[in-house]
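Worksheet: the structure to be examined is printed underneath.
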Amino acid sequence: MDYDYFSVEAILAENQKIQCTFKHAIPGMGHLGGGSERDIAVLSKMQIPIWLAYTIIYSDWAEFNIPQPFSSRVRNALRADACSVRLSNLVGAGGSWYGFGKTIMDILSDEQANEMSQMLTKAFRERLVDVIDQAQHFAALGQANAGGTSGNAAQSFREGLDTTERELFSLAQESAKQIKRWYEDSDRAKH
């Protein structure tokens, strides 16, 4: 994922919210929680977008817990069978689970960030084989079966993918279709 100023993926990932617990009272900032409180009290918990949480956490005004999409429950499910986890259901804003994980890594300690990086990488590697395999399978079926049960299965499979995986699925599917056309054109040229 490209993390420059104009990257839509980066903007969506940084707009994800994390729960922060405030260590200090902060007068006049209660509106951050969306409620009617004027001040933020000590030990108040608020859902704050990551772009704002960076400053609050680095200033040591608050701390945060690892968000639900990266909880031990999700980690255990990924360890058991990474391909069965519907990553798109874990995060909003287009289902960018890997992008959200990358932004979380930026505010973790080195040890925690390394652990998160290993989890993201392992999940991606395990799921990539299935993504490419499914893309080639549905490309081989062609347009004739696109509306039937195979089309529904492909749609269901794609709905569970992260945005990065969906892009790879589309690229692999298009590549498989182009290779199939090339073989067919080569066979026609021989006859």
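If you're wondering where the values come from, they're calculated on a predicted model, not measured in any experiment.
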- [ ] Report the residue from Trp97, Phe100, Phe124 that forms a side chain to side chain contact (heavy atoms under 4.5 Å, CB included) with Leu87.
- [x]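 Option passing the side chain to side chain contact (heavy atoms under 4.5 Å, CB included) with Leu87: Trp97.
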
Would you name the heavy atoms of [X] and [Y] that are closest together and state the gap between them?
| X | Y | answer |
| --- | --- | --- |
| Arg166 | Glu159 | NH2-O, 4.1 Å |
| Leu108 | Met116 | CD1-CE, 3.9 Å |
| Pro67 | Ile18 | CG-CG2, 3.5 Å |
| Phe64 | Cys20 | CB-SG, 4.2 Å |
| Met105 | Leu120 | SD-CD1, 3.8 Å |
| Thr55 | Ser59 | O-OG, 2.7 Å |

TODO: Answer yes if Ile26 and Trp51 sit in the same cluster of Ile, Leu, Val, Met, Phe, Trp and Tyr residues linked by side chain heavy atoms under 4.5 Å apart, and no otherwise.
DONE: yes

TODO: Decide whether Leu43 and Ile40 are clustered together by the hydrophobic rule: side chain heavy atoms of Ile, Leu, Val, Met, Phe, Trp, Tyr closer than 4.5 Å, transitively.
DONE: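 No: no chain of side-chain contacts under 4.5 Å links Leu43 to Ile40.
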
Enumerate donor-acceptor pairs with a distance under 3.5 Å from any side-chain N or O in residues 75-85 to protein atoms, sequence neighbours excluded.
unit_1 : atom_1 : unit_2 : atom_2 : d
Arg75  : NE     : Phe70  : O      : 3.0
Arg75  : NH1    : Glu115 : OE2    : 2.8
Asn76  : OD1    : Arg79  : NH1    : 2.7
Asn76  : ND2    : Ser72  : O      : 3.2
Asp81  : OD1    : Cys83  : N      : 3.4
Ser84  : OG     : Asp81  : O      : 2.8

So do the side chains of [X] and [Y] get within less than 4.5 Å of each other, counting heavy atoms only?
| X | Y | result |
| --- | --- | --- |
| Ser71 | Gln68 | yes |
| Asp162 | Arg127 | no |
| Thr103 | Tyr54 | yes |

Counting neighbours of [atom1] on [X] that are heavy atoms of other residues, nucleotides or ligands and sit closer than 6.0 Å, is the number greater than 12?
| X | atom1 | answer |
| --- | --- | --- |
| Tyr58 | OH | yes |
| Glu111 | CD | no |
| Gln112 | CD | yes |
| Asp110 | CG | no |
| Lys23 | NZ | yes |

When rounded to the nearest 0.5 angstrom, what distance separates [atom1] in [X] from [atom2] in [Y]?
| X | Y | atom1 | atom2 | value |
| --- | --- | --- | --- | --- |
| Ile50 | Ile107 | CD1 | CD1 | 5.5 Å |
| Met46 | Leu52 | CE | CG | 10.5 Å |
| Thr21 | Glu63 | OG1 | CD | 6.0 Å |
| Ser170 | Leu161 | OG | CG | 9.0 Å |
| Leu90 | Arg86 | CG | CZ | 10.0 Å |
| Phe22 | Ile48 | CZ | CD1 | 3.5 Å |

Task: Side-chain donor or acceptor of Ser117 paired with backbone N/O of Ala113 under 3.5 Å - done: no

Open item on the list: Under a 3.5 Å distance rule, please check whether Ser175 uses its side chain to pair with a backbone N or O of Ala172 as donor and acceptor.
Closed with: no

Task: With sequence neighbours excluded, residues passing salt bridge (Lys or Arg N to Asp or Glu O under 4.0 Å) with Arg181 - done: Glu174

Task: Those residues that, when tested against Lys122, pass salt bridge (Lys or Arg N to Asp or Glu O under 4.0 Å) (two or more places apart) - done: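 Once residues adjacent in sequence are excluded, the partners of Lys122 under the salt bridge (Lys or Arg N to Asp or Glu O under 4.0 Å) criterion are Glu126.
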
Open item on the list: Between Gln136 and Ile132, does the side chain to side chain contact (heavy atoms under 4.5 Å, CB included) criterion hold? Intermediate values first, please.
Closed with: CA-CA 6 Å; Gln136 290 178 347; Ile132 301 301; 3.9 Å; yes

TODO: Would you check, one step at a time, whether the test side chain to side chain contact (heavy atoms under 4.5 Å, CB included) holds for Ser44 with Glu37?
DONE: CA-CA 11 Å; Ser44 293; Glu37 298 294 320; over 6 Å; no

